[in-house]
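Since the structure comes first, as structure tokens, the remarks are kept for the end.
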Amino acid sequence: MVKSNMTNFERELDQLKKDIIKMMILVSSQLEKSEVAFSNQDVAIAKEIHHIERRVDASDLSIDKECENLIALYNPVAGDLRLILASIKIISNLERVGDHADKIARYVRKKQIKNAYPKKLLQSVKLDVLFDEAQAMMEIAIQAFIEEDSAVAREVFAKDIIMNEIYSNAITQMHHYAEKKDAPTNQLLYLFSVINKLERVGDLAKNIAEETIFYLDAKILKHHKVKRLEDLENL
Amino acid sequence: MKEPIIDDVAADLEPTFPKLSSQGVNVFYGDKKVIDNVSLSIKEKTVTAFIGPSGCGKSTFLRLFNRMNDYIDIFRKEGDILIDGQDIYHASVKVEELRKKVGMVFQKPNPFPKSIFENVAYGLKIQGIKDKKILAESVEKSLRASALWDEVKDDLNKSALALSGGQQQRICIARALAVKPSIILMDEPASALDPIASAKIEELIHQLKKDYTIVIVTHNMQQAGRVSDNTAFFYIGELIEYTETKTLFTSPEHELTENYITGRFG
């Protein structure tokens, strides 16, 4: 809600945040739908994701322009400047999350996966858990930005450690399946691609959390290696 | 209000041999305390900006360094103001000698109603220098240093009052430079100028930094950002934050600083 005593610049920044939140919601819905589309090989939902993708791209361009204008017209400093710089990077990461969701949906739209996946395969790679973790990481990153809470943003790092473990296990299982004599090569290739994309979504969610922390606390966490939960204490 | 964070400043803000420093300085106008326990050090050949809302004491603090406040009857100071380690308020210090060392440029250009040459040579003549060659050389050198020589070299006998506002301000800077100071204090030197004249003064400050220690009071946040190495933020007589300019304008430590530089108050 816009407060009446806000300056014009504050209103512009408020609008910027709202526009980013709208983009976050769009991307989040793409990711959620991509799980349904892939799991059920649902072409209609896959097409829906592509429609959302166009809106995400349009948001990316318009928010980018909004940030450029704010820098040019208002000479922002300190927290205001950090919000705008973080925004530019956050939308770029959001747009890439949307791309990954759309690419997963494309396999379904183009009907590239010839046969249904054996349940055992999906269970052993824990595809549903990977989808859930990727979505959860995005949800937490979004919540941190909306609530302007860097402690919440830090939770994404803890989630990323879990995500990496599940991903690593999935890859091991894929190896195991690929070595079998009658390995379903076509399905395995697409599944491998989906798993990779979900792991990347986790990384992008982490980038968004890093930018939120930069905006709120002026701390740069980029390129910090967090391999164990103990490493989080040093952030 | 939180404790000022002056103990927590970057290493180059605590030079071993500061050019200027204040130690536990309080200033009173009558009973009113206008500067409250300010300690800071300024390194040689740097530009330091003093910022803060009107009435925060930044100009009063600046004027301590050339004893300009001495003219105010109700002025009283506690604590030490040092230049090159010497207490400039010590009884043995001659104010005229001090001001040769510490030049000052004011908000409004204030050239004398004399020729350009006479304006720049004024301080030297007061010092008793009469040699025309020395005077001419010094005037040229000062006008070159203030980036004005090429614009006025053929009109040195013209009245300084006929120049534009920006040129008049650079005449004032040349006049300050002619007596060979090592420190230049500037009290909002570009606030009365248009953006182009203002940009020339800012460029000049950059060039002068090679040879002089400069302290500038400004209300223009972007100007402080563009010209200074370090920035001190004052609020109601207190030094709230003193750090590298780039740090202050990207991630200020203190909420008051953040609110001021982002225009949330002031």
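Residue numbering restarts at 1 for every chain, and letters A, B, ... go by the order of the sequence lines. Computed over heavy atoms, backbone and side chain alike; hydrogens, waters and symmetry mates excluded.
Few gaps surround NZ on B:K77; more than 12 heavy atoms of other groups in view lie less than 6.0 Å from it. Around CZ of A:R200, the count of heavy atoms belonging to other residues, nucleotides or ligands within 6.0 Å exceeds 12. Counting non-hydrogen atoms of neighbouring residues, nucleotides and ligands closer than 6.0 angstrom, the CD1 atom of A:I220 reaches no more than 12 such neighbours. Within 6.0 Å of atom NZ in A:K197, more than 12 heavy atoms from other residues, nucleotides or ligands are found, so the atom counts as buried in its surroundings. Heavy atoms of other residues, nucleotides or ligands lying less than 6.0 angstrom from NZ of A:K47 number 12 at most.
Taking 4.5 Å as the heavy-atom cut-off, the residues of residues 78-108 of chain A that approach chain B are A:A78, A:G79, A:D80, A:L81, A:R82, ordered by number.
Note that the CZ atom of A:F214 and the OG1 atom of B:T250 stand 7.5 Å from one another [nearest 0.5 Å].
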